[in-house]
Amino acid sequence: MTPDLKLEVTGQPREYRALKLALRVLLVSALMAITLAIIYWVLSQNYPFRWRPALQHLDAFNKGLVLTLQVSAVAMILGAALGLLVALARLSPLFFLRDMGTLYVHSLRNIPFLVFILFMYFGVAPAFQSGAAVDLFGWHIDGRLFWGILALSLFEASFISEIFRAGIQSIHPTQMEAARSLGMNYFRAMRYVVLPQAFRVVIPPLTGELIALVKESALLMVISLPELTLTARQQGSQLPFQFEFYTILAAYYLAITLPLAGLSYLLERKFKIGGREEVS
Amino acid sequence: MSQHNMIEVKDLHKWFARLHVLRGVSLSIQEGEVVVIAGASGSGKSTLLRCINGLEKIQSGQITVDNISIHASKTNLNKVRQRIGIVFQSYNLFPHMTVLRNITIGPMKVKGMMSTRANERAMNLLKRIGIAEKAQAYPDQLSGGQRQRVAILRALAMEPKVMLFDEPTSALDPEMISEVLDLMRELAKEKMTMIVVSHEMGFAREVADRIAFMADGQIVEIAPPQEFFSHPKDERTRSFIEKVLAV
């Protein structure tokens, strides 16, 4: 029973290190603020900043934000679910499942997402004669939304599957053997023994990929899906404050992605309980 | 004759690629019998155990446990494995589950036992080895000896007819070995059919009904402890015993 015994690497007291960290954060922030202030001042010699009128347009940003959040959330769920299936296929004892998984991952991962969106929306969608609207089980969905989410999910699934595969492979095969020895079949052993341990391992890279997904959703503007980026661009193009608009746009994306990174940290700590058994 | 035998291995051959690890192993073990298998590393002891519960495929020969052919294609391995408990050298407990959950997961998810009943049975098992207070601890909070005993309980919770032990004390500090051997001794007294791969010759002499010595993928000698130690027939057994007794 030694869970409370933590070795201090530096040998310095906790309070001292906290103080040092606070000072460091303060110093870096101050340097950043000064640098930005100088840049801002230089720019303002040629460009008249108009933040007040620019901020009048936040309603439009908020509308775009809602769509970006919706698209990202659905694509995360679909992408993660498909990614897990592809990962399991790539680890399957059946060679054709393995090969199909490999083909999927390598074909999607190695083309630009922009090309894939164009291919899906202007290539595949017309072939299904479903550019404007899609009927999904009697559910009427905007065609841009449907194909946009589909493209994003399929594309991200190829990256997410590699993360899951690495996570599953990092769990020692003896865990699978121990589970099978109790009489569990392959899927139960995966479900109760391997995947819960693998999940803990993949939290950081998985969150990184989900953040990438949110950022990639900006490219959906090319199929005129009015998400955050397209909204900002359309509004801004008629108005004389581009700098302000793109600054606000960047801030909106940070407002989505930074909490995601924080969530990763929290999840990682939450699932740390129990620790791991050393493998000899 | 064969219906009395709990475990029957007939002319078993096993290759790892071109490496011929088991070269015609035959072994019959009766219900309630305890057989200790000794032998140098690489002699095929562990592989034999892993073949018996179907963790390894075999290339020729036959293995039956409780009259079920393990490697027949129609055999449902998941069902047979419920009757065969196995304990590994490195415990292989599930690190993300509490001790209690480690013991109940098999009965609950494989046999469909209700959690209240599974928990009650697991607590009784833990009380038996005197670590009921560790039920909510995680494996990495236990000592090696406690971990291995929990691993034994995890296998016992499935109510197996046969227990296989693959060097259960080899990863343990010396002072922890006896607590694991004590539990195994109790199981032997309760007439559990056991195969124990081990170098613990004191334990073998006291508990085993027969001791087998393996070398080069074969069982070169199998005899009751008295005879095994006093009148070894094979030269390799003799030199093994000399080395062991010299310690």
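Quick note on labels: first sequence line is chain A, next is B, and so on, each numbered from 1. Nothing here was measured: the structure is a model prediction, and the numbers come from that model.
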Q: Against chain A, label B:Arg50 side chain, backbone, both or neither, depending on which of its atoms sit under 4.5 Å from a heavy atom there.
A: side chain
Q: A:Arg180 versus chain B, heavy atoms under 4.5 Å apart: side chain, backbone, both or neither?
A: both
Q: Taking C-beta and beyond as the side chain, do B:Phe94 and A:Pro196 meet within less than 4.5 Å on heavy atoms?
A: no
Q: What closest approach, in Å, do A:Gly183 and B:Gln82 show between heavy atoms, and which atom pair accounts for it?
A: CA-CG, 4.3 Å
Q: How long is the straight-line distance from OG1 of A:Thr174 back to CG of B:Leu93, given to the nearest 0.5 Å?
A: 10.5 Å
Q: If you count every heavy atom of other residues, nucleotides or ligands that lies below 6.0 Å from B:Glu31 atom CD, does the total exceed 12?
A: no
Q: Starting at CE of B:Met108, measure out to OH of A:Tyr192 and round the result to the nearest 0.5 Å.
A: 8.5 Å
Q: Check whether B:Leu77 gets within reach of chain A through its side chain, its backbone, both or neither, counting any heavy atom under 4.5 Å.
A: neither
Q: Out of B:Val87, B:Leu164, B:Asn53, which residue meets the side-chain contact (heavy atoms from CB on, under 4.5 Å) rule with A:Ser181?
A: B:Asn53
Q: Tell me, do B:Lys109 and A:Arg191 make a side-chain contact under 4.5 Å, heavy atoms counted?
A: no
Q: I need the A:Leu182 CG to B:Ile84 CD1 distance, nearest 0.5 Å.
A: 12.0 Å
Q: How about NZ on B:Lys79, more than 12 heavy atoms from neighbouring residues, nucleotides or ligands closer than 6.0 Å, or not?
A: no
Q: From A:Met184 CE over to B:Met158 CE, what is the distance, rounded to the nearest 0.5 angstrom?
A: 8.0 Å
Q: Considering residues, nucleotides and ligands other than A:Phe187, do more than 12 of their heavy atoms fall under 6.0 Å from its CZ?
A: no
Q: Can you confirm whether more than 12 heavy atoms, excluding those of B:Arg117, are under 6.0 Å from its CZ atom?
A: no
